[in-house]
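Right, one structure below, let's go through it.
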Amino acid sequence: MTILDGKKISNDIKNEIAAEVDKMKANGEKVPHLAAIIVGNDGASLTYVGSKVKACERVGFESTLVKMPDTTSELELLKKIKELNEDDNIDGFIVQLPLPPQIDTQKVLLTVDPSKDVDGFHPENFGKMALDMSTFIPATPFGILELLQRYNVDTKGKHTVVIGRSHIVGRPMSILMSRKGWPGNSTVTLTHSNTKNIAQITTQADIIISALGVPNFLKAEMVKDDVVIIDVGITRVEDPTHPKGYVITGDVDFENVSKKASYITPVPGGVGPMTIAMLLKNTLLAREQRKV
């Protein structure tokens with residue numbers, strides 16, 4: 001069994017990006033600039049955005065963090081997005097989700113300039129991805145592809161089962177794993193909360209990508225030997241015996257499933273670190289496209 005070490009691979013990617021940025025500086029070129037808008041004080045979102053800012057520093061990017069109160073109106077947020085769209089100094093930016101209830105998330109995502117949408121959430125970018133055209137792939141799916149590639153995991157002709165159909169992970173993964181090329185060329189089954197006999201489907205899978213958000217959902221009896229497991233789930237589970245009072249748990253019963261798997265991602269330290277690394281990679285791509 002091989003651990004798909006997202007922490008190690010994300011560090012490799014950051015080192016590669018830092019080397020690219022050094023070349024840009026040596027050539028007197030502008031370095032990539034990533035901006036993030038956060039509305040409100042959601043603890044998890046603040047932590048996540050903070051780690052994006054740190055990652056930018058690490059690779060030599062410029063970064064801007066725009067904090068707005070949770071009372072911000074939809075109009076005020078759209079105005080701020082338009083400012084960033086028009087700011088030539090900003091190569092890419094993200095709007096941290098979730099947003100407060102008074103703001104229509106879809107309207108916000110539609111307002112982001114697709115050429116600066118390094119999250120890959122704009123319908124134009126999502127559509128290009130579905131049509132196998134060059135575009136920004138959402139950071140978490142992009143990270144999963146990179147892990148499969150760097151560990152040389154064979155996906156051709158394999159049966160991939162995706163659990164969860166979110167627009168951020170499940171649905172894009174189902175499209176990407178069936179595309180021509182590698183990683184891809186697999187036969188994909190997309191399962192979700194209304195799927196009947198899910199264990200019957202997962203026991204036939206060569207590759208399982210779980211993005212459900214239900215701790216320890218996938219048990220050893222639900223998988224076959226030598227399965228490849230990508231666990232995207234990340235849930236805080238209360239644990240009074242732990243110093244923090246909680247543990248971070250994935251969708252997969254790691255202890256038992258890992259005994260049957262050929263490859264598996266740990267939680268934490270698997271898909272999570274890859275997401276930020278690929279956001280940086282998308283920002284580098286955005287900078288390169290803006291030079292053309």
Of all the heavy-atom pairs spanning Thr71 and Glu76, show the shortest one and how long it is. O-OE1, 4.4 Å
So which heavy atom on Ser262 is nearest to which on Val228, and how close?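 In terms of heavy atoms, the two residues are closest at OG-CG2, 3.7 Å.
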Assess, by modelled atom type and distance only, whether the side chains of [X] and [Y] contain a donor and an acceptor separated by less than 3.5 Å.
| X | Y | answer |
| --- | --- | --- |
| His33 | Ser63 | no |
| Asn15 | Arg58 | yes |
| Thr249 | Thr235 | no |
| Asp253 | Asn216 | no |
| His159 | Thr189 | yes |
| Thr265 | Asp231 | no |

[X]/[Y] ion pair, N-O < 4.0 Å:
| X | Y | value |
| --- | --- | --- |
| Arg290 | Asp91 | yes |
| Glu29 | Lys291 | yes |
| Asp206 | Lys224 | yes |
| Glu83 | Lys80 | yes |

Let me see the working for Glu255 and Lys219 under salt bridge (charged side-chain N to carboxylate O under 4.0 Å, His left out), right down to the final yes or no. CA-CA 10 Å; Glu255 194 181 330; Lys219 308 281 188 220; over 6 Å; no
Is a side-chain donor or acceptor of Ser45 paired with a backbone partner of Asn41 at a separation under 3.5 angstrom?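 Looks like no, no N/O pair under 3.5 Å.
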Taking only distance into account, with no hydrogens and no angle test, what donor-acceptor pairs under 3.5 Å do side-chain atoms of residues 1-9 form with protein atoms, sequence neighbours excluded?
residue, atom, partner, partner atom, Å
Asp5, OD1, Lys7, N, 3.1
Asp5, OD1, Lys8, N, 3.1
Lys8, NZ, Asp12, OD2, 2.7

